[in-house]
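For reference, the structure is listed below as structure tokens.
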There are 2 protein chains.
Amino acid sequence: MKSEKISRNTAARAPTLEDVARVSGLSSMTVSRALNTPQRVRPDTVARVMEAVRATGYIPNMLAGGLASKRSKLIAVAVPQINNSMFADTIQAISDELSARGYHMLLCVAGYTHESETEIVAAILSRRPDGVVLTGIHHSPELKKTLLNANIPVVEIWDLTPTPLDMLVGFSHEKIGDAIGQFLLTKGLSRIGMIWTEDRRAAQRKQGMLDRLRQQGQPRIDEVVIPLPATLSLGRQSAQKLFSLKREFDVLVCSSDTLAQGAIMEAEYHGLRVPDDLAVIGFGDLDFAADNKPAITTVRVDRWQIGKEAATLLADKLAGENIDTPIRDIGFSLVERESA
Amino acid sequence: MKSEKISRNTAARAPTLEDVARVSGLSSMTVSRALNTPQRVRPDTVARVMEAVRATGYIPNMLAGGLASKRSKLIAVAVPQINNSMFADTIQAISDELSARGYHMLLCVAGYTHESETEIVAAILSRRPDGVVLTGIHHSPELKKTLLNANIPVVEIWDLTPTPLDMLVGFSHEKIGDAIGQFLLTKGLSRIGMIWTEDRRAAQRKQGMLDRLRQQGQPRIDEVVIPLPATLSLGRQSAQKLFSLKREFDVLVCSSDTLAQGAIMEAEYHGLRVPDDLAVIGFGDLDFAADNKPAITTVRVDRWQIGKEAATLLADKLAGENIDTPIRDIGFSLVERESA
DNA sequence: TTGTACGCGTTATCAG
DNA sequence: CTGATAACGCGTACAA
């Protein structure tokens with residue numbers, strides 16, 4: 001018995017609530033309360049507890065706490081990619097807002113496929129997060145079932161649908177495509193080159209654009225499809241491919257500002273003046289778009305706001321507040337600058 | 001008693017190991033083994049378990065598992081910022097490697113101050129992560145004590161020191177500064193403008209550069225200091241400020257490629273040809289650097305590799321492997337391209 | 001190969 | 001306001 005104690009001590013077992021209780025001469029339950037709901041404990045008792053916490057170097061064990069209380073104070077966030085300028089601000093905003101609300105963020109890369117997302121989310125749920133943020137609205141049936149079954153708040157982001165799993169913060173990619181199409185029509189830009197990434201949301205924007213353009217007859221479009229993530233290099237290469245077609249272009253429409261920046265660079269390299277000889281349109285209003293030379297005409301979406309609202313929705317709902325508008329369309333704006 | 005059971009059922013309580021055991025007609029312990037160490041269970045028993053798992057929709061509870069086993073399968077990662085191109089690739093690499101090794105990533109924004117990092121890490125430890133990744137090597141004494149006390153593997157990244165807390169993957173900022181200084185000397189670029197962010201690692205690079213330059217006499221340097229994160233816009237503005245000094249510059253040295261890109265843009269806007277009239281140097285070799293026009297002369301560091309090695313070190317150590325080289329200097333290379 | 005007993009560290013609940 | 005007791009769901013250690 002005695003040797004056991006000694007070995008335990010030498011193993012430097014992390015102090016527990018029990019240890020703090022012993023040192024402070026209180027029960028572990030009182031210590032727990034002093035830490036979590038100090039207003040329900042006499043101030044001087046709280047002080048005694050705090051003193052003992054310092055003395056022991058106690059650090060709460062949220063695994064145990066979460067198990068007992070069924071609240072993990074964890075929010076799981078699934079994104080297709082982390083090193084993608086499009087999502088980085090959103091993730092940062094989620095993280096900031098969550099930590100202000102006392103939550104931690106479990107960040108998972110779900111990729112762009114149904115399969116991986118489904119597996120990832122199943123794995124995620126084993127952490128018993130209090131809430132989940134999912135990128136996009138297209139999920140496998142199993143995913144939906146699993147998530148509904150888990151019975152925790154979910155926010156889908158970066159897209160729009162009248163029928164979200166639970167809550168949603170995003171915008172309509174179709175409408176953005178439509179707006180771009182309208183813009184092209186208005187400007188009389190009919191010989192179109194597209195530099196487009198493969199993901200589903202980009203595809204929706206493309207569809208919206210085509211739908212609009214086809215109202216005025218069949219548009220002439222040449223397209224280069226590229227894998228994610230979009231880079232300046234891919235933008236240049238793709239523009240190069242388009243130019244090598246030896247066809248005249250009025251405009252290059254790109255699925256991200258990064259690609260647009262590359263396309264502009266390549267155009268100028270080929271002696272084309274932007275926008276006089278060739279217009280270029282991007283998407284995202286990334287931080288360089290406004291200051292690029294020429295400044296990039298693009299579609300602005302408030303990536304930061306998406307994250308902030310998503311986190312706020314979750315935290316509010318978990319705080320028991322009533323969510324009157326679980327669907328938040330944060331909209332977008334076509335920002336006409338120099339490049340088109 | 002009976003009503004309790006019913007209420008529990010209607011409350012749709014998540015199925016537990018016990019439930020799976022009941023359905024499969026086995027003990028919960030066997031189910032646990034079938035799930036975690038299937039090789040120690042008869043194949044047909046495993047099959048029965050899997051069947052029951054499907055039937056019940058069981059999802060393991062890692063809070064309970066972690067509490068019992070003292071292994072959370074969680075790695076906490078603290079970075080100053082998420083939406084910072086410098087760290088994004090590293091984070092992505094950590095995430096990828098960790099998930100391949102069966103770990104999840106708790107991502108925390110620690111900011112650039114000691115205080116916040118210390119608090120963050122204390123909060124982190126309450127999740128009982130199996131390991132921690134910290135950005136940088138300068139930590140508060142309390143942080144070190146807390147971390148050492150937690151007795152878990154730690155990897156510090158993005159910097160170099162002979163005395164890490166535990167393990168380390170990074171490179172020497174001083175040496176990079178030295179290399180840049182040497183480059184300037186070799187090229188005869190003596191009228192220097194600096195566009196520099198405020199963070200500590202950038203300061204180290206600056207110091208290294210100055211030390212080298214001073215070996216050849218007192219260099220003439222004008223500097224614009226900017227807050228993080230670095231943006232193209234800040235690069236342009238800073239260059240503008242420098243130009244407004246009405247002094248002649250041979251070179252603009254920037255603490256990141258993003259700033260360099262902006263500086264180049266602003267220089268060209270002022271009718272200066274890069275590098276003929278003015279050289280520009282960046283840092284990071286971000287994905288646009290090589291394809292910028294002119295291509296940016298910069299210092300390449302393998303941000304991806306940092307993340308991959310950091311995660312591997314942790315996972316290896318946690319797997320009980322012996323780590324012979326806990327300090328990994330991944331080095332850097334000065335990439336001379338068009339801008340300088 | 002499978003099962004039993006117990007403990008992990010905390011919180012909910014109810015009693016004082 | 002404080003304390004005793006019983007979960008929470010799982011894995012360790014040992015027994016069968």
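Chain naming here is simple, since letters A, B, ... match the order of the sequence lines and numbering starts at 1 in each.
Side-chain proximity of B:Val41 to C:dT2, D:dC8, D:dA4: nearest is C:dT2. Picking from C:dG3, D:dT2, C:dT10 the nucleotide with the shortest atom distance to the side chain of B:Met29 gives C:dG3. When distances run from any side-chain atom of B:Asn36 to the nucleotides C:dT2, D:dG11, D:dG9, the shortest one goes to D:dG11. Each of C:dC8, C:dT10, C:dT1 was ranked by its minimum atom distance to the side chain of B:Arg42; first place goes to C:dT1. Comparing C:dG9, D:dG9, C:dT2 by their closest approach to the side chain of A:Lys70 singles out D:dG9. Taking the side chain of B:Ala68 as heavy atoms from C-beta on, and the options C:dG3, C:dG7, C:dT10, the nearest nucleotide is C:dG7.
When B:Glu309, B:Lys308, B:Arg303 are each tested for a side chain to side chain donor-acceptor pair (under 3.5 Å) with B:Gln305, only one passes: B:Glu309.
Using a 4.5 Å heavy-atom threshold, the side chains of A:Ile59 and B:Arg128 count as touching. Side-chain atoms of A:Val31 and A:Tyr58, non-hydrogen and from C-beta on, never get closer than 4.5 Å to each other.
Between the CG atom of B:Asp44 and the P atom of C:dT1 there is a distance of 11 Å, rounded to whole Å. C:dC8 atom P lies 12 Å from atom CG of A:Asn61, rounded to whole Å. In this structure, CD of A:Glu18 is placed 13 Å from C1' of C:dG7, rounded to the nearest angstrom. Atom CZ of B:Arg127 and atom C1' of C:dT10 are 14 Å apart (whole Å). Taking atom CG of A:Leu67 as the reference point, atom P of D:dC8 lies 9 Å away to the nearest angstrom. Taking atom CG on A:Leu17 and atom P on D:dA4, their separation rounds to 14 Å, with Å as the unit. B:Met62 places its CE atom 16 Å from the C1' atom of C:dC8, with the value rounded to the nearest Å. Rounded to whole angstrom, the span from the CG atom of A:Leu35 across to the P atom of C:dA12 amounts to 13 Å.
Between B:Arg40 and B:Arg128, it is B:Arg40 whose nearest contact on DNA chain C lies nearer the 5' terminus. Ranked by how close their nearest DNA chain C nucleotide is to the 5' end, B:Ala64 and B:Ser27 are led by B:Ser27.
Between the side chain of A:His138 and the main chain of A:Arg201, no donor-acceptor pair closer than 3.5 Å is present. In this structure, B:Thr161 contributes its side chain and B:Thr163 its backbone to a donor-acceptor pair below 3.5 Å. Judged purely by atom type and a 3.5 angstrom limit, A:Gln92 uses its side chain to pair as donor or acceptor with the backbone of B:Asn83.
Donor-acceptor pairing under 3.5 Å, judged by distance alone, is present between the side chain of B:Arg33 and the base of C:dG3.
Atom CG of A:Leu98 sits about 10.5 Å away from atom CG of A:Asp130, to the nearest 0.5 Å.
For the OP1/OP2 pair of C:dT1 and a distance below 4.0 Å, the side-chain nitrogens and oxygens of B:Thr45 include no atom meeting the criterion. The side chain of B:Arg71 places an N or O atom within less than 4.0 Å of a non-bridging phosphate oxygen (OP1 or OP2) of D:dT12. The shortest distance between the side-chain N/O atoms of B:Ser32 and the OP1/OP2 oxygens of D:dG11 is below 4.0 Å.
Note on residues 144-167 of chain B: pairs passing salt bridge (Lys or Arg N to Asp or Glu O under 4.0 Å), not counting sequence neighbours, are B:Asp166-B:Lys317.
For the helix from C:dT1-D:dA16 to C:dG16-D:dC1, the rotation axes defined at the first and last 5 base pairs enclose an angle of 30°, given to the nearest 10°.
If you check every strand for non-hydrogen atoms under 4.0 Å, A:Ser28 touches nothing.
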